[in-house]
Amino acid sequence: MSSVSQPPAPPKIFSARRRAAVRQRMQALQTRANAARWLAEDRVEDVLDRLSFLRHQPKRALVMGDDGGALAPALAAQGVEVTLADVTARGGVLALNEEAPWPVNGFDLIVSLGTLDTVNDLPGALIHMRHALAPGGLALISMMAAGSLPVLRSIMLAADGERPAARLHPAVDVRSGAQLLQRVGLANPVADARGLDVRFGALGALVGDLRAQGLGAVLKDTAPTLGKQAYARALAAFAEAADEAGRVTEHFEILTLSGWRA
């Protein structure tokens with residue numbers, strides 16, 4: 001008797017437990033008045049600009065990753081019925097595992113702001129997203145793209161010395177993003193990237209902004225903690241990369257994927 005072979009399971013790069021913990025910590029930090037929100041603000045502005053350009057006026061939207069709390073009110077002000085979802089089960093928000101079949105569907109718009117960067121089965125998550133769209137519905141996904149955080153990567157390499165450890169996440173580039181959209185069956189797929197440069201006066205400020213915006217490491221295989229000597233090398237590398245004002249310009253490459261359910 002012949003048997004049908006199953007496709008291999010996706011590699012486990014990220015830890016679901018650490019992913020949820022990082023988002024819970026970020027949500028707690030975002031309650032502070034001075035929390036870093038520049039990434040969320042940039043993403044929300046981009047989504048609203050795209051919807052205006054496309055002249056897409058959804059009636060029902062599902063939004064994941066609205067960490068600054070700005071997108072949902074903006075859509076609601078346009079008469080959109082908004083459902084908020086997150087991997088964490090916090091009050092009033094739909095708990096949603098993107099890598100499993102979604103318990104809701106029929107949305108004219110689904111927006112993911114930085115929540116799909118750290119799923120192990122990205123094609124599967126996009127397929128579940130497509131199934132949750134109504135015919136003619138639009139998916140908009142914002143992710144950190146390949147090429148992000150070059151300064152921090154070089155600093156961590158300098159800190160680790162002869163024994164470099166995996167500390168920063170792998171990321172999708174524009175070409176791979178476009179191929180993913182086609183693979184999962186979204187119509188009129190578009191993948192593009194834009195750069196965002198941010199200046200920091202200290203390594204601690206850079207790391208603090210990343211943590212406050214849910215960009216902490218969630219790799220399954222954790223890297224060893226930096227010891228005193230390694231941390232001193234990291235501070236020296238930051239100082240070496242700084243300009244005359246003592247500030248470092250870090251680069252963030254933001255990938256946006258969009259497609260429609262036919």
Side-chain angles (χ1 to χ4, degrees), residues 20 23 26-27 30 37 39-119 121-144 172 177-178 180-194 213-214 254-262:
R23 289 201 58 76
M26 176 270 297
Q27 288 157 7
Q30 283 296 314
R37 298 185 181 92
L39 180 56
E41 292 168 353
D42 178 89
R43 282 172 160 162
V44 168
E45 180 180 359
D46 181 69
V47 167
L48 295 175
D49 285 346
R50 288 173 188 268
L51 290 176
S52 176
F53 174 77
L54 294 169
R55 298 183 181 179
H56 184 57
Q57 298 178 329
K59 294 181 179 179
R60 295 183 64 222
L62 184 141
V63 175
M64 297 176 289
D66 187 19
D67 303 322
L71 181 57
L75 292 174
Q78 299 176 14
V80 183
E81 177 189 335
V82 180
T83 297
L84 290 173
D86 197 276
V87 67
T88 61
R90 51 193 174 108
V93 176
L94 174 68
L96 182 64
N97 175 8
E98 299 103 317
E99 296 181 83
W102 294 13
V104 290
N105 55 40
F107 294 98
D108 308 300
L109 172 67
I110 297 178
V111 179
S112 167
L113 302 177
T115 66
L116 293 180
D117 304 56
T118 52
V119 297
D121 185 7
L122 181 54
L126 291 174
I127 289 172
H128 295 316
M129 179 181 288
R130 179 174 62 83
H131 288 162
L133 284 169
L138 172 66
L140 277 174
I141 302 108
S142 178
M143 308 171 64
M144 297 304 298
V172 178
L180 273 172
L181 293 172
Q182 294 176 333
R183 176 180 172 185
V184 303
L186 286 167
N188 300 320
V190 175
D192 61 76
R194 67 187 187 281
Q213 297 179 102
I254 302 172
L255 173 67
T256 303
L257 308 177
S258 65
W260 304 77
R261 180 168 183 179

Chemist: Testing the basics here: between Val190 and Asp192, what is the closest heavy-atom pair and its distance to 0.1 Å?
Modeler: CG1-OD2, 3.9 Å
Chemist: Let's go through Leu113 and Leu71 carefully: what are the C-alpha distance in whole Å and the side-chain angles of both, what is the deciding distance for side chain to side chain contact (heavy atoms under 4.5 Å, CB included) to 0.1 Å, and is it a yes or a no?
Modeler: CA-CA 10 Å; Leu113 302 177; Leu71 181 57; 4.0 Å; yes
Chemist: Just list the side-chain donor-acceptor pairs under 3.5 Å for residues 125-139, sequence neighbours left out, or say none.
Modeler:
| from | atom 1 | to | atom 2 | distance (Å) |
| --- | --- | --- | --- | --- |
| His128 | NE2 | Glu99 | O | 3.4 |
| Arg130 | NE | Val184 | O | 2.6 |

Chemist: Under the criterion side-chain contact (heavy atoms from CB on, under 4.5 Å), which of Val82, Asp66, Val44 is the partner of Pro73?
Modeler: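 For Pro73, the side-chain contact (heavy atoms from CB on, under 4.5 Å) test succeeds with only one of Val82, Asp66, Val44, which is Asp66.
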Chemist: Between Met64 and Glu98, which heavy-atom pair has the shortest distance, and what is it?
Modeler: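 Here Met64 and Glu98 meet closest at SD-CG, 4.0 Å.
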Chemist: With a 4.5 Å limit on heavy-atom distance, are the side chains of Val63 and Leu75 in contact?
Modeler: yes
Chemist: May I ask you to test the Leu122-Met143 pair for a side-chain heavy-atom distance under 4.5 Å?
Modeler: yes
Chemist: Work out which heavy atom in Leu186 is nearest to a heavy atom in Pro189; give both atom names and the distance.
Modeler: O-CD, 3.7 Å
Chemist: Taking the side chain as C-beta and beyond, is there a heavy-atom pair between Ile254 and Ser142 under 4.5 Å?
Modeler: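 SC-SC contact between Ile254 and Ser142 confirmed.
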Chemist: Identify the residue among Asp67, Thr88, Thr118 that makes a side chain to side chain donor-acceptor pair (under 3.5 Å) with Arg23.
Modeler: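 Checked Asp67, Thr88, Thr118 against Arg23; only one passes side chain to side chain donor-acceptor pair (under 3.5 Å): Asp67.
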Chemist: Step by step, would you call Leu109 with Leu51 a side chain to side chain contact (heavy atoms under 4.5 Å, CB included)?
Modeler: CA-CA 10 Å; Leu109 172 67; Leu51 290 176; 3.9 Å; yes
Chemist: Determine, stepwise, if the pair Met144 / Leu39 fulfils side chain to side chain contact (heavy atoms under 4.5 Å, CB included).
Modeler: CA-CA 10 Å; Met144 297 304 298; Leu39 180 56; 4.2 Å; yes
